[in-house]
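Presented below is the structure to which this report refers.
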Amino acid sequence: MKKTITVFFTALLGGFIAFYTNASANVICTPERNSEAMMSSASSPVSPGGQLPDMTFAAEKSVHAVVHIQVETQVEEGPRMNNPFDFLFGDPFEGQRQEPQIRKGSGSGVIISTDGYIVTNNHVVDEAKKIKVILNDKREFEAKVVGSDANTDIALIKINAKDLPFLTFGNSDDMKVGEWVLAVGNPFNLTSTVTAGIVSAKSRSIGIQQGKMPIESFIQTDAAVNPGNSGGALVNLKGELIGINAAIASPTGAYSGYSFAIPTSIVQKVVADMRKYGQVKRAILGVKMQTVDADLAKEKDLDKIEGVYVDSVTEDGAAKSAGIKSGDVITSINKVAVNSNTQLAEQIGRYHPGDKIELEVKREGKVKLFSVTLRNNDEDSKVGSNIEFLGSKLREATFEEKNAVDITNGVKVLEVGKGMLKDAGIREGFIITDVNKTSIRTTKDIISVVKSSKGGVLIEGVYPNGEVAVYAFNMKN
């Protein structure tokens with residue numbers, strides 16, 4: 001019995017000792033865990049009051065101004081053969097061509113005025129046959145494209161509505177890396193979704209724009225953006241629009257930590273041009289350039305790694321006319337520093353043809369200032385301007401002119417002179433929408449279609465009073 005009691009008390013004492021040791025170990029570890037928590041808290045962005053920033057105001061303001069966009073595009077299907085031997089015997093396509101297929105897609109957009117102007121991505125509405133806009137209050141509207149630009153991936157659409165909530169433009173130039181931002185949109189058809197993150201980088205180029213003169217200077221963020229967010233808002237904590245969400249970098253197609261928005265420094269100029277002209281008036285400097293890095297600085301014996309190196313200048317371009325030469329290094333535009341091709345392209349993209357800018361240039365180690373009058377490229381200068389064709393004066397119809405007669409494309413006849421249009425009976429003010437069943441959007445379109453026509457030319461269109469008319473004439477060889 002004594003042995004048993006001794007063993008029992010010994011075991012009990014051992015248990016207390018083990019418990020006490022373990023408890024002590026836990027106590028010792030606690031300050032370490034608290035230190036980690038304090039370090040984590042210290043590294044998180046905080047407001048002056050020591051609290052994380054309040055994002056509710058920006059979120060509440062933004063969700064009502066961000067819309068859900070649903071589009072339908074028509075996809076032409078190629079010929080289909082039921083039997084492989086059809087290709088050898090008879091017409092393989094007869095009775096086999098499929099009907100055009102309708103493809104549906106969706107994205108987001110941002111209301112920027114009370115009367116229904118909405119900014120979105122060009123890739124959201126490109127080639128859409130039908131565009132439906134759904135507001136946060138569930139109202140639905142048909143939308144029309146005012147203008148689109150593949151170079152910046154921006155499109156402007158319009159709905160007929162009044163007194164709409166809208167977002168004001170903020171200054172994307174003022175945003176700093178590390179600042180909080182919200183991404184607002186409709187990912188995976190989940191409407192009015194808000195995510196938060198910080199500005200991770202600025203002036204980022206990722207090589208995705210599809211235009212002939214692409215401009216990429218993205219704001220990179222870690223706010224979660226997914227398919228359906230395209231065209232949605234990136235806002236600061238004041239609820240101001242500082243970017244249009246456009247892309248993600250992902251190996252899976254879904255958010256993986258990197259998202260990109262077009263800054264309002266680009267968006268505002270593009271939108272203003274579209275509202276005024278129906279297209280973007282793009283200024284050209286006329287240089288081929290390289291970003292100065294360590295390798296280039298060594299190769300060209302430059303004294304500092306900065307600016308943009310001029311490889312060559314266009315023979316009849318603005319830069320050469322101002323005195324810029326191959327070998328120059330452009331360091332600033334209107335006193336704004338440029339240290340990459342991306343930054344230079346973004347700065348030039350803010351101006352119009354005819355605008356004067358001041359370039360700071362380093363030449364053989366010396367700083368020089370040049371006043372440069374920007375020019376338009378030859379292709380753009382023809383688009384949107386008045387032309388004379390078939391004896392009459394024509395220009396692209398404005399958005400207001402098209403909207404008044406419920407059409408989305410057309411070239412307006414400004415003056416009818418002696419020629420085929422007058423002989424066919426066309427009067428001033430007529431908007432040509434189709435030639436030989438081909439839609440006409442620009443003056444280049446009508447020139448191309450008519451010149452390629454052999455024999456008869458069929459012209460369809462509408463007058464400002466809504467009168468629809470069809471005319472025909474024969475081309476004279």
Side-chain angles (χ1 to χ4, degrees), residues 43-46 52-53 55 58 62 108 110 121 123 151-154 169-185 187 194-210 214-227 229-238 240-270 289-297 305-309 330-333 336-350:
S43 65
S44 300
V46 294
L52 290 174
M55 304 180 189
S62 303
S108 304
V110 183
N121 288 142
H123 74 259
N151 291 298
T152 56
D153 196 22
I154 288 294
F169 286 107
N171 189 341
S172 57
D173 290 342
D174 289 343
M175 296 299 293
K176 297 178 181 178
V177 173
E179 280 196 55
W180 283 96
V181 288
L182 301 180
V184 188
V194 180
T195 57
I198 62 167
V199 174
S200 305
K202 296 176 67 176
S203 301
R204 184 73 82 195
S205 177
I206 56 176
I208 64 168
Q209 305 296 43
Q210 301 298 312
I215 298 177
E216 287 192 0
S217 188
F218 292 113
I219 299 172
Q220 180 181 326
T221 82
D222 64 354
V225 169
N226 278 294
N229 271 113
S230 289
L234 188 72
V235 300
N236 59 23
L237 294 186
K238 297 177 184 177
E240 296 171 331
L241 182 68
I242 53 100
I244 297 295
N245 296 315
I248 57 176
S250 169
T252 64
Y255 176 72
S256 295
Y258 306 99
S259 56
F260 303 90
I262 304 161
T264 51
S265 58
I266 293 176
V267 176
Q268 282 183 277
K269 191 266 181 183
V270 170
M289 54 195 176
Q290 294 185 62
T291 298
V292 176
D293 56 17
D295 291 336
L296 185 64
I305 302 174
E306 65 175 352
V308 178
Y309 183 82
I330 301 172
T331 56
S332 73
I333 297 175
V336 177
V338 290
N339 287 300
S340 68
N341 295 2
T342 298
Q343 292 177 346
L344 188 145
E346 179 192 356
Q347 289 299 317
I348 296 297
R350 301 181 184 200

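Exactly one of T264, I244, T221 qualifies for a side chain to side chain contact (heavy atoms under 4.5 Å, CB included) with L234. That residue is T221. With respect to V181, the side chain to side chain contact (heavy atoms under 4.5 Å, CB included) criterion is satisfied by exactly one of I198, L237, I242, I219: I242.
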*Decide yes or no on side-chain contact (heavy atoms from CB on, under 4.5 Å) for V270 and V267, but give the supporting numbers first.*
CA-CA 5 Å; V270 170; V267 176; 5.9 Å; no
*Does the pair E346 and D173 meet the rule for a side-chain contact (heavy atoms from CB on, under 4.5 Å), with working shown?*
CA-CA 11 Å; E346 179 192 356; D173 290 342; 4.2 Å; yes
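Counting all heavy atoms, side chain and backbone alike, V292 lies closest to I305 at O-CG2, 3.6 Å. N245 and A183 make their closest contact through ND2-CB, 3.8 Å (heavy atoms, listed as atom of the first residue, atom of the second, distance). Closest approach of S256 and A249 over heavy atoms only: CB-O, 4.0 Å. Shown here for S62 and V184, the closest heavy-atom pair between the two residues is CB-CG2, 3.7 Å. Contact detail for K202 and M175: the closest heavy-atom pair is NZ-O, 2.7 Å. Minimum interatomic distance between K269 and R350 (heavy atoms only, all atoms of both residues): CG-O, 3.5 Å.
Side chain of N121 to main chain of H123: no donor-acceptor pair is present (N/O by atom type, distance under 3.5 Å, no hydrogens or angles). A donor-acceptor distance shorter than 3.5 angstrom exists from the side chain of T195 to the backbone of A224, with no hydrogens or angles considered.
Rounded to the nearest 0.5 Å, atoms CG (L344) and CD1 (I330) are 5.0 Å apart. Going from atom CD1 of I348 over to atom CD1 of I333 covers 4.0 Å, rounded to the nearest 0.5 Å. To the nearest 0.5 angstrom, S259 atom OG is 9.5 Å from N226 atom CG. In this structure, CD in Q347 is found 9.5 Å from OG in S332, a value given to the nearest 0.5 Å.
Applying the side-chain contact (heavy atoms from CB on, under 4.5 Å) test to T291 and every residue at least two apart in sequence or in another chain returns S340, N341. By the side-chain contact (heavy atoms from CB on, under 4.5 Å) test, N339 pairs with E306, A337, Q343, sequence neighbours left out.
Looking at S217 and T342, their side chains never bring a donor and an acceptor atom within 3.5 Å of each other. One side chain, E216 or S205, offers a donor N or O that lies under 3.5 Å from an acceptor on the other.
M55 has its side chain within reach of L182: a pair of non-hydrogen atoms, C-beta onward, lies under 4.5 Å apart. No side-chain heavy atom of I248 sits under 4.5 Å from any side-chain heavy atom of F260. For the pair D222/Y255, a side-chain contact is recorded, criterion being any heavy-atom separation below 4.5 Å from C-beta on.
Other residues, nucleotides and ligands contribute only 12 or fewer heavy atoms inside 6.0 Å of the OH atom of Y258.
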